[in-house]
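Each remark here refers to the structure printed beneath this line.
Below, chain A is the first sequence line, B the second, and so on; all start at residue 1. Scope of the values below: all heavy atoms of this structure, side chains included, with no hydrogens, waters or symmetry mates.
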Amino acid sequence: MTRREAGRTTRSTRAMTQAQQNPERARIERYDPASIERGWQARWDELGLHRTDLHDQSKPKFYLLTMYPYPSGDLHIGHWYIKSPTDAIARFKRMHGFNVFFPIGFDAFGLPAENAAIKNRINPRDWTMRNIEHERGQLRSMGATFDWDAEVVTCEPQFYRWNQWFFLQFLKAGLAYRSVSPVDWCPNDGTLAREQVEGTDRHCWRCGAKVEKRDLAQWYLRVTKYADELLDFSGLDWPEPIKVMQTNWIGRSEGGEVEFTTAPSAHHPGGEPIRVFTTRPDTLFGATFMVLAPEHPLVASLTAPERHSEVEAYVARARAATEIERLSTDREKTGVAIGAEAINPVNDERIPIFIADYVLSGYGTGAIMAVPAHDERDFAFAKRFGLPIRRVVAAPGSGATADPGAAAGDELHGAYTAHAEGEVLVNSGPFSGSTAGEGGRAIVAALGERRLGKPAVTYRLRDWLISRQRYWGTPIPIIYCDRCGTVPVPEEELPVRLPDTVDYRGSGVNPLTHDESFVNVACPSCAGPARRETDTMDTFVDSAWYWYRYLSPEKAGAAIDTKLAQAWTPVDQYTGGAEHAVMHLLYAREWTKMLRDCGVLEQDEPFKRLFNQGQILGTDGERMSKSRGNVRDPDDLVRTYGADTVRLFLMFMGPWDQGGPWSESGIGGVHRFLGRVWALALDPHRVEPGDPSAGRLPEGVDAAGAEKAIRRAAHQTLREVTAEYETFRFNTMVAHLMELANTLYRYRGSSVAAGPAWNEAMRLMLLMLAPAAPHITEELWSRRLAAEGSAWASIHAQAWPEVDVTAVVEATREVPVQINGKVRDRVVVPTDVDAATLERLALEAPRIRELLAGRTPDRVIQAGGGRLVNVVVRE
RNA sequence: GCCGGAGUGGCGGAACGGUUUACGCGAUCGACUCAAAAUCGAUUGAGGGCAACCUCAUGUGGGUUCGAAUCCCACCUCCGGCACCA
């Protein structure tokens, strides 16, 4: 026992003795979190209570992961909202005998560091490291049981070298590739990351300039390969909304691919195939024009000479327009004819070809057949440009028939897109008259025979663009040589380190591009002069696998200790915000699948169970952010109330998955509750002067009855609270503990106070509260042990208590009696009453007899095995 | 526009189809105190009644049921995501 411990024991023993001898006068010290929390945090650290032996097989493992923070400088109350309940889960699981691994780290690469560096002329690394140091202190002040030995900081070369190594594996496996594509570009600051483009008008976050598109050679990861597999969530216990969002993001769409050909003309020989993707092959006869994306590769060669200037102007305009402008549905359709025609393979009809920005180059084939009668967008375009509209699907009984003249498009006020039962094809040559479903399949089959069409599936999911024109990220390990082309950096030369000195030249341009010592390098293959890739990786790369690195953060020979990964992953429980639904959480799944395909891992999925806590907003209802000035600093709250109160308040506020605007009006109530627990534990005999019934047992209750009631309350609470921890219903968990405290308060100062039942209840109270409020419970636990003369042992190393079912049963219970569904009386009956007796007792209840006034009930219903009786009587 | 989620006291929120409003905040009153704070106790959905009690209330309107905050249909509002994806 340490000196401090010894001192504490003497003090607390003395306080208790005084209280027992002189209940009227004795005053215990008040609950003062500041004087106990630091001490216990240091003690836990010393003892290594939270260091996990990953090789310990004697206990079942539990990998608990919470999303690591970005070190922006200050954690706000929202971070605590995620982390303190998660820590309670860790402690709860440990008390259940699990070997819990609960690591933490820092998502240390990213834009704010560079932004601050440019503004304040400091190195992004120094800025980041200083913030991390500060946040470590904040996280420790919370009293969380993070295993700091496993900490991972992603901007360290020992971490990011493995990003590079993975990239090289992906390159070998054909999962990484380079391609020219349009990226967001700011005229002042150069290329922007996706998150640097703000607002619906898509402006640069730093200078406010309009962002446009530029073609750049970029590195991609071939994640679309996993589209179908990513749609499979079987075996994952994830929130339904996240699964829905990912499913929509992946956007699988089934249809057919149809090959049109270009018609010969004065400037073009024709015969060039143009493939289109459609989900409505049944409407093929209704195609009256074709639209290509402005970026479609055939646009230049197909455009008629006299149309060139107009087409080029349109393409340039489409390129400059912001994406939102382009994609906005309420904007009027624009486009130009390119002076060429396509031939529809089903009827050899020649239809004009347009380019229009409502057709996207990145989806399907970048070309569509336009069926204005059955597609709203095509309809709007046709109306605008005066193009024919031909109806080819008719609802039964609509009057439209196979007769071509009967269904002129002019009659339509909008596209007919509904799918009515039994709708049939019209104006569709040999397919007219068949139902839409059959006809569609028959059309695809007919085209298939001529090799002009086939069933096809497309996805909205795109490959992952990982190139960022930024300094503060993982350098992409590639060298460009004039003689050898694109050469990967040899694995043994990893890591490609970020240079320590950074010269921003006062602008946002990637400083790596003008760092000669970084850029100039000898080609690994021919030793001639070559240049390094200066792009770095998206920071979502780091978070796509960081939890594997926690298992062996120092390991030098490999990214992941595969043995430990096999034993410890997938993660059993992941907690974090839903804002990462389709970014981080999807990238993480993709990365694990890519690692599996490269033979690094065996598992298919990273996170078995996921929980999304709600988001704490500012008092203004907006997202908390420094720039809005609405962040709440947890340090202040901890100074005022102590970490236990803050932790408990965050759990008590409301359902964990809900969040909402920050309001601390109730925090005093939670603090008061802990003060009451403190008083119950240390001063059970006190008689409050303000309570007329204080110090006496409730009317008509003897000591034995009181003890029984106390035990019942304690064990009932234990039953509820255990279930609530398991299902993360922390708000009602706290409420139940408050109720138990209220119950005990009724017996405070009475003859049963500090008696056997009371002591048992207090023991359970402390154990139940321990995961949520670890400091106060540890303090009271240690005093309790000292008072008993037992050796100290941490409350957090205790086993979770068992419910004594015999304590919970009651001899009698109260049953509400309803007449026609309205409660009119209650009867007290033996717990084991049979249905017939219950009915008789219910009908004999005074109010019931009075209200029935001699009438015979039509029915008597007993609900829930006799928990309620409803007497039905007709008026 | 499409896809999710949510609407319960003055407020945060409880409630396996079965006693609506647990727990907490706030408010009012009382005890302790010279006083205040802290602490302790009581009351607190709305309306009516001296009372015991009665009536009405879970966004709106219907429905199913002995019984609906809960299930079904239609609508309104708020929050989140996607947004011309052929």
Should B:G80 form a Watson-Crick or G-U wobble pair with both distances under 3.5 Å, which nucleotide is its partner? B:C3
Checking A:Arg855 side chain against A:Leu852 main chain: does a donor-acceptor pair fall under 3.5 Å? yes
To the nearest Å, give me how far apart CG (A:Leu360) and C1' (B:C84) are. 7 Å
Contact under 4.0 Å: A:Lys822 side-chain N or O vs B:C56 OP1/OP2: yes
Name the closest nucleotide to the A:Val359 side chain, picking from B:A86, B:A14, B:C40. B:A86
Among the nucleotides B:G18, B:C82, B:G41, whichever has the atom closest to the side chain of A:Arg676 is B:G41
Could you work out the separation of B:U58 and B:G9 based on their C1' atoms and round it to a whole Å? 10 Å
How many Å lie between CG on A:Leu585 and P on B:G80, as a whole number? 19 Å
Using the P atom as the point on both nucleotides, what is the distance between B:G5 and B:A86, in whole Å? 23 Å
Evaluation steps, ring pair (Phe, Tyr, Trp, His ring centres under 6.0 Å), between A:Phe652 and A:Phe730: CA-CA 6 Å; A:Phe652 181 61; A:Phe730 299 115; over 10 Å; no
Looking at the angle O4'-C1'-N9-C4 for a purine or O4'-C1'-N1-C2 for a pyrimidine, is B:G63 syn or anti, with syn meaning within 90° of 0? anti
Judged by modelled atom types alone, do A:Thr334 and A:Tyr358 share a side-chain donor-acceptor pair under 3.5 Å? no
Using the side-chain heavy atoms of A:Val823, tell me which of these nucleotides is nearest: B:G67, B:C40, B:U20. B:U20
If you compare every side-chain N and O of A:Asn731 against the phosphate oxygens of B:A14 (OP1, OP2), does one of them come in below 4.0 Å? yes
OP1 or OP2 of B:U19 less than 4.0 angstrom from a side-chain nitrogen or oxygen of A:Gln818, does that happen here? no
Applying salt bridge (Lys or Arg N to Asp or Glu O under 4.0 Å) as the test, list every pair that has at least one member in residues 660-682 of chain A; sequence neighbours left out. A:Arg632-A:Glu664
Counterpart base for B:G10, defined by Watson-Crick or G-U wobble contacts under 3.5 Å: B:C25
If the P atom of B:C25 is compared with that of B:G80, how far apart are they to the nearest Å? 30 Å
So what does A:Asp378 hit on the nucleic acid, given a heavy-atom distance under 4.0 Å: a base, only sugar-phosphate, or nothing? nothing
Could you give the distance separating B:C2 and B:A74 at their P atoms, to the nearest angstrom? 13 Å
By the 4.0 Å heavy-atom rule, please label A:Arg824 as base, sugar-phosphate, or nothing. sugar-phosphate
Please determine whether the number of non-hydrogen atoms from other residues, nucleotides or ligands lying under 6.0 Å from atom CZ of A:Arg719 exceeds 12. no
Does a nitrogen or oxygen in the side chain of A:Arg847 sit under 4.0 Å from OP1 or OP2 of B:A52? no
Looking only at side-chain N and O atoms, does A:Asn248 come under 4.0 Å of OP1 or OP2 in B:A83? no
Is A:Arg748 touching bases, backbone alone, or none of the nucleic acid, heavy atoms closer than 4.0 Å? nothing
A:Arg672 side chain near B:U39 phosphate (N/O to OP1/OP2, under 4.0 Å): yes
Minimal heavy-atom distance between A:Leu744 and A:Ala761, with the atoms involved, is CD2-CB, 4.1 Å
B:C25 phosphate, OP1 or OP2, under 4.0 Å from A:Ser663 side-chain N/O: no
Round to the nearest Å and state the distance from A:Arg729 atom CZ to B:A22 atom P. 18 Å
So, the side chain of A:Asp378 versus the backbone of A:Val371: is there a donor-acceptor pair under 3.5 Å, distance only? yes
For B:C40, does OP1 or OP2 lie under 4.0 Å from any side-chain N or O of A:Tyr745? yes
Complementary nucleotide of B:A46, counting Watson-Crick and G-U pairs under 3.5 Å: B:U55
Grab the CD-P distance between A:Glu240 and B:G4 for me, whole Å please. 10 Å
In whole Å, I'd like the distance from the CG atom of A:Asp657 to the C1' atom of B:G80. 13 Å
Rounded interatomic separation in angstrom, taking CG from A:Leu650 and P from B:G13: 14 Å
For atom C1', what is the distance between B:A68 and B:C72, given to the nearest Å? 11 Å
Nearest-Å distance, CG (A:Leu586) to P (B:C82)? 13 Å
Where the side chain of A:Asn344 meets the backbone of A:Leu284, is there a donor-acceptor pair that is under 3.5 Å apart? yes
Strand partner of B:G30, provided both Watson-Crick or wobble distances fall under 3.5 Å: B:C40
Kindly say if A:Arg460 contacts the phosphate of B:A86, meaning a side-chain N or O under 4.0 Å from OP1 or OP2. no
Considering only atom C1', compute the distance from B:A15 to B:U20 and round it to an integer number of Å. 7 Å
Can you tell me the distance, in whole Å, between the CG atom of A:Asp683 and the C1' atom of B:C40? 13 Å
Where each residue is assigned the nucleotide of RNA chain B containing its nearest heavy atom, which of A:Arg826 and A:Glu739 is assigned the position nearer the 5′ end? A:Arg826
Pair partner, B:G18 [Watson-Crick or wobble, under 3.5 Å]: B:C66
Between B:U19 and B:A14, how many Å separate the two C1' atoms, rounded to a whole number? 14 Å
Please figure out whether A:Gly821 or A:Gly666 has its closest RNA chain B nucleotide nearer the 5' end. A:Gly666
Quick note, A:Ile861 side chain, CB onward, closest among B:A86, B:C66, B:G13 is B:C66
In whole Å, what separates the P atom of B:C78 from that of B:U8? 14 Å
